[in-house]
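Being a predicted model, the structure only gives us computed values, none of them experimental. In this chain, numbering begins with 1 at the start of the sequence shown.
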Amino acid sequence: MSGSTGVGNVPRQQQTSGGRRGGGRRSREVFRASESQHPQKKDASDDQQDLKSPPPACTDFDVAYFEAYAHIGIHEEMIKDHVRTEAYRDAVMQHQSFIQGKVVVDVGCGTGILSIFCAQAGAKRVYAVDASAIAVQAKEVVKANNLAETVIVLHGRVEDVEIDEQVDVIISEWMGYTLLYESMLGSVITARDRWLKHGGLILPCTATLYLAPITHPDRYNDSIDFWRNVYGIDMSAMLPVAKQCAFEEPCVETITGENVLTWPHVVKHVDCYTIQLNELESISTRYKFQSMMRAPLHGFAFWFDVEFSGPANSSIITPSQSPLIGISDDDPVDDIPTKKRTNLNEPLVLSTAPEDPPTHWQQTLIYLYDPIEVEQDQIIEGSVTLSQSKENRRFMNIHLQYSSGGRSFVKESVFR
């Protein structure tokens with residue numbers, strides 16, 4: 001994911017024995033080192049247009065965020081995520097009949113690979129937009145592939161750049177850890193409201209964020225129980241500090257279906273055609289799980305799916321001439337396992353679920369400081385709220401309230 005027209009997902013530089021902590025697809029060290037920078041200035045013509053509909057200010061945090069995405073390692077990690085990259089390539093080819101001869105905007109283009117996929121699918125013109133300096137390299141990549149007449153690289157925020165025509169397609173890899181971390185979806189919404197034609201196509205078109213309780217004894221043993229006996233020395237006095245260091249912030253790790261105690265709960269269903277910016281400020285839901293096994297409850301996991309279905313107001317035909325299944329606001333979203341794509345005529349789904357092939361997003365885990373023993377069929381219930389940090393909207397506050405076996409707890413985490 002990229003931010004307000006940044007680029008893909010930034011790998012964490014800090015690691016723990018169990019995985020990345022406090023995640024984000026940009027290094028927190030790089031982010032903080034750049035916080036003293038000042039917002040980019042706009043010229044006078046931009047100011048005149050701002051009188052009509054002023055875009056949000058580019059903050060010091062935004063500038064630091066875009067600077068972080070200039071590092072090639074971030075883009076290498078994303079492109080080498082074959083599940084992710086091939087899903088986007090397959091989605092472009094599945095919708096080739098719609099893309100061919102049309103105008104596309106790639107929000108947060110990064111190195112330009114998605115823009116090039118669209119050009120290869122026959123797009124008339126592709127606007128590749130990115131606020132990071134990686135746009136300079138993207139332009140060179142486009143030239144090297146003899147696509148400079150088709151792919152136009154725009155270095156700037158979606159909120160600031162000008163495109164003098166309406167577009168037929170928006171494509172973007174905007175998803176962050178826990179789906180909404182880094183707040184890049186806001187840039188897709190801005191692009192949609194500024195440029196997308198009625199009946200246009202957004203790829204991906206929908207996203208669903210899930211939550212489920214997990215058991216993970218190996219992780220707990222490695223990080224916590226280790227201190228109970230260190231070379232025969234009782235170092236239990238380290239346990240409070242160890243728990244704080246290991247579990248204070250969200251952890252980005254890979255788990256399997258065996259770690260999941262229940263069916264998942266849908267935290268948020270996102271329809272990219274209709275969602276509004278204010279909906280992203282805070283998301284709350286109540287959940288009620290029933291454990292499928294006896295095991296210690298070590299925490300909760302978030303993961304997400306995105307779907308590449310047809311445009312909102314027009315029919316799409318696949319290369320095989322079979323109609324795609326669309327998604328409407330009336331379709332129910334139940335607490336059920338991820339839907340699998342059983343044939344090529346169904347909408348393509350990119351999933352980060354524990355039972356699916358791993359991606360660079362992995363899963364986001366909120367660990368409890370102390371596990372809770374749960375029995376089979378025991379109820380685990382509570383609520384979760386995800387909200388943009390007032391300090392920096394690209395950060396996320398997670399408020400998790402949970403009850404089981406007659407005991408109630410609250411866990412507060414900040415995803416920086």
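- Side-chain contact between W361 and M78 is absent, with no heavy-atom pair separated by less than 4.5 Å.
- In this structure, F415 and Y177 have side chains that are in contact, with non-hydrogen atoms separated by less than 4.5 Å.
- Remark: side-chain polar atoms of H265 are paired, donor with acceptor, to backbone N or O of R286 under 3.5 angstrom.
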Given side chain to side chain contact (heavy atoms under 4.5 Å, CB included), test V169 with V103 step by step and report yes or no. CA-CA 6 Å; V169 181; V103 180; over 6 Å; no
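- Taking all atoms of both residues into account, the shortest heavy-atom contact from R192 to Q276 is NH2-NE2, 3.4 Å.
- Between Q388 and L280, some side-chain heavy-atom pair lies under the 4.5 Å cut-off.
- Using a 4.0 Å cut-off between charged nitrogen and carboxylate oxygen, E279 and K268 count as a salt-bridge pair.
- For the 3.5 Å distance criterion, the side chains of H399 and E412 qualify, holding a donor opposite an acceptor.
- A 4.5 Å side-chain heavy-atom check between V266 and Y210 finds at least one atom pair inside the cut-off.
- To the nearest 0.5 Å, atoms CG (L239) and CZ (R228) are separated by 5.0 Å.
- The backbone N or O of P354 lies less than 3.5 Å from no partner atom in the side chain of T256, so there is not a single donor-acceptor pair.
- Closest approach of D106 to S172, counting heavy atoms only: OD1-CA, 4.4 Å.
- A salt bridge does not link R219 with D222: every distance from a Lys NZ or Arg NE/NH1/NH2 to an Asp or Glu carboxylate oxygen is 4.0 Å or more.
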Would you sort out whether E162 and R194 count as a salt bridge (Lys or Arg N to Asp or Glu O under 4.0 Å), showing the intermediate values? CA-CA 10 Å; E162 293 301 323; R194 292 189 71 187; 3.3 Å; yes
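- A heavy-atom distance below 4.5 Å is found between the side chains of I170 and V188.
- Atom NZ of K288 sits about 14.5 Å away from atom OG of S383, to the nearest 0.5 Å.
- The backbone N or O of S132 lies less than 3.5 Å from a partner atom in the side chain of H155, making a donor-acceptor pair.
- For the pair H360 and D81, the tightest heavy-atom approach, listed with the atom from each and the gap, is ND1-OD2, 2.6 Å.
- No more than 12 heavy atoms of other residues, nucleotides or ligands lie within 6.0 Å of CZ in R294, so this atom counts as exposed by the packing criterion.
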Please test V306 against V349 for side chain to side chain contact (heavy atoms under 4.5 Å, CB included), starting from the C-alpha separation and ending with a verdict. CA-CA 6 Å; V306 296; V349 174; over 6 Å; no
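- Open room surrounds CD on E258; 12 or fewer heavy atoms of other groups in view lie less than 6.0 Å from it.
- When all heavy atoms are compared, the tightest approach of A135 to V153 is O-CG1, 3.5 Å.
- Summarising the geometry, atom CD belonging to Q94 is positioned 10.0 Å from atom CD1 belonging to I99; distances are rounded to the nearest 0.5 Å.
- A salt bridge is defined here as a Lys NZ or Arg NE, NH1 or NH2 lying under 4.0 Å from an Asp or Glu carboxylate O, and E391 with R416 meets this definition.
- Remark: E165 does not engage K197 in a salt bridge, criterion side-chain N to carboxylate O under 4.0 Å.
- E253 and Y367 share a side-chain donor-acceptor pair at under 3.5 Å.
- Taking the ring axis of Y369 as reference, the NZ or CZ atom of K411 stays within 45° of it and closer than 6.0 Å to the ring centre.
- The pair R157-D130 does not count as a salt bridge, with every side-chain nitrogen at least 4.0 angstrom from each carboxylate oxygen.
- The six-membered or imidazole ring of Y88 lies near that of F308, with a centre-to-centre distance under 6.0 Å.
- Between F289 and F300, the ring planes lie tilted relative to each other; the angle falls in the 30° to 60° range.
- When all heavy atoms of S291 and V374 are compared, the closest pair comes out as OG-CG2, 3.9 Å.
- In terms of heavy-atom proximity, Q363 sits nearest to T254 at OE1-CA, 3.5 Å.
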Any chance you could lay out the side chain to side chain contact (heavy atoms under 4.5 Å, CB included) test for Y273 and C205, step after step, and finish with the verdict? CA-CA 7 Å; Y273 293 106; C205 64; 3.6 Å; yes
Checking I113 against T85 for the side chain to side chain contact (heavy atoms under 4.5 Å, CB included) test, could you report, in this order, the C-alpha distance in whole Å, the side-chain angles of both residues, the deciding distance, and whether it holds? CA-CA 9 Å; I113 189 169; T85 306; 4.0 Å; yes
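- In summary, of the residues considered (T385, L211, L179, T178), a side chain to side chain contact (heavy atoms under 4.5 Å, CB included) with V267 occurs for L211 alone.
- Put simply, CD1 on I379 and OG on S403 are 12.0 Å apart, with the number rounded to the nearest 0.5 Å.
- Looking at L386 and N397, their side chains never come closer than 4.5 Å, going by heavy atoms from C-beta outward.
- Considering only residues two or more places apart in sequence or on other chains, H216 meets the ring-ring contact (aromatic ring centres under 6.0 Å, His included) condition with none of them.
- Proximity of I214 to L261: side-chain heavy atoms (C-beta onward) are nowhere separated by under 4.5 Å.
- Side chain of N221 to main chain of P217: a donor-acceptor pair is present (N/O by atom type, distance under 3.5 Å, no hydrogens or angles).
- D305 and T208 form no side-chain donor-acceptor contact under 3.5 Å, judged by distance and modelled atom types alone.
- R393 CZ to M396 CE: the interatomic distance, rounded to the nearest 0.5 Å, is 12.5 Å.
- Taking CZ from F117 and CG from L203, the interatomic distance works out to 13.0 Å, rounded to the nearest 0.5 Å.
- Annotation: side chain of E307 is not in contact with side chain of P204 (no heavy-atom distance under 4.5 Å).
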